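Have a look at the structure below, then the notes.
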Amino acid sequence: MLHILPAWFSRPRCRPYLLILLAGVIALACMTPGALLAIGGYQRWVSPHKGYRCAHGALYGTSCSEFGEQAIRDYGLIGGLILLPQQFRDCSRAAARIRSGACPISGTRAENANECFESEHDRGKRNARETQEYCAGCIEGCCGE
């Protein structure tokens, strides 16, 4: 095993660091299914009973827990944890938009439709969701997939 690693790893004083690195990789590999299990438990038993919905989910259709679950599945635990802070910032912005009353949520509309300001970032998220919903009903090979 040591023949595929750089020469300095074969030194006796470096071997404990190699073992620590290996233990860390194994621990992360074991923690990923645990994180997915925790998110699934939250989605099944906690989220339905808390009385409100994630602002991002209400505005764009994808809740923070759904995003976190998909990010961890696609990019692993570390990659998912790197992506989650941006999702939480987006959720905070969505909550501010909902509180301002400028955007339609749950069938309610703003007094003036022109008040619903949509930033470029928000428009991109909405367009991506609409494209995904459209393509979900397409036959295979349609929509560039």
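All figures in this text were calculated on a predicted structure; none of them were measured in a lab.
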inquiry  = Checking Tyr42 against Arg44 for the side chain to side chain contact (heavy atoms under 4.5 Å, CB included) test, could you report, in this order, the C-alpha distance in whole Å, the side-chain angles of both residues, the deciding distance, and whether it holds?
reply    = CA-CA 6 Å; Tyr42 168 80; Arg44 181 168 181 175; over 6 Å; no
ask   = What residues, two or more places apart in sequence or in another chain, satisfy side-chain hydrogen bond (donor to acceptor under 3.5 Å, both in side chains) together with Ser47?
value =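 Scan of Ser47 (side-chain hydrogen bond (donor to acceptor under 3.5 Å, both in side chains), adjacent residues dropped) gives none.
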Under the side-chain hydrogen bond (donor to acceptor under 3.5 Å, both in side chains) test, residues paired with Arg53 that sit two or more places apart =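 Scan of Arg53 (side-chain hydrogen bond (donor to acceptor under 3.5 Å, both in side chains), adjacent residues dropped) gives none.
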message = Quick check on the hydrophobic clustering: are Ile72 and Ile78 connected, directly or via other members, by side-chain heavy-atom contacts under 4.5 Å?
response =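 Both belong to a single hydrophobic cluster.
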Between [X] and [Y], what is the shortest heavy-atom contact and its length?
X     : Y     : value
Gly68 : Leu84 : CA-CD2, 3.7 Å
Gly80 : Ala71 : CA-CB, 3.9 Å
Ile39 : Ser65 : CG2-O, 3.6 Å
Ile98 : Ala58 : CD1-CB, 4.3 Å
Leu59 : Ala94 : CD2-CB, 3.8 Å

key: Residue pair Gln70, Arg73: steps toward the side chain to side chain donor-acceptor pair (under 3.5 Å) verdict   = CA-CA 5 Å; Gln70 192 60 45; Arg73 284 189 195 284; 5.1 Å; no
key: side chain to side chain contact (heavy atoms under 4.5 Å, CB included) evaluation trace for Tyr60 with Asp90   = CA-CA 10 Å; Tyr60 302 111; Asp90 291 347; 6.0 Å; no
message = Between His56 and Thr62 (side chain of the first, backbone of the second, donor and acceptor by atom type, cut-off under 3.5 Å), is there such a pair?
response =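 Yes: the side chain of His56 pairs with the backbone of Thr62.
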message = With a 3.5 Å distance limit and no angle check, can you tell me whether Glu66 reaches the backbone of Ser63 through a side-chain donor-acceptor pair?
response =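 Yes: the side chain of Glu66 pairs with the backbone of Ser63.
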ask   = Can you tell me how far CG of Leu36 sits from CG of Leu77, rounded to the nearest 0.5 angstrom?
value =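 Taking CG in Leu77 and CG in Leu36, the distance rounds to 8.5 Å.
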task = Before giving the answer on side chain to side chain contact (heavy atoms under 4.5 Å, CB included), spell out for Tyr75 and Ile82 the whole-Å C-alpha distance, their side-chain angles and the decisive distance to 0.1 Å.
result = CA-CA 10 Å; Tyr75 303 109; Ile82 289 171; over 6 Å; no
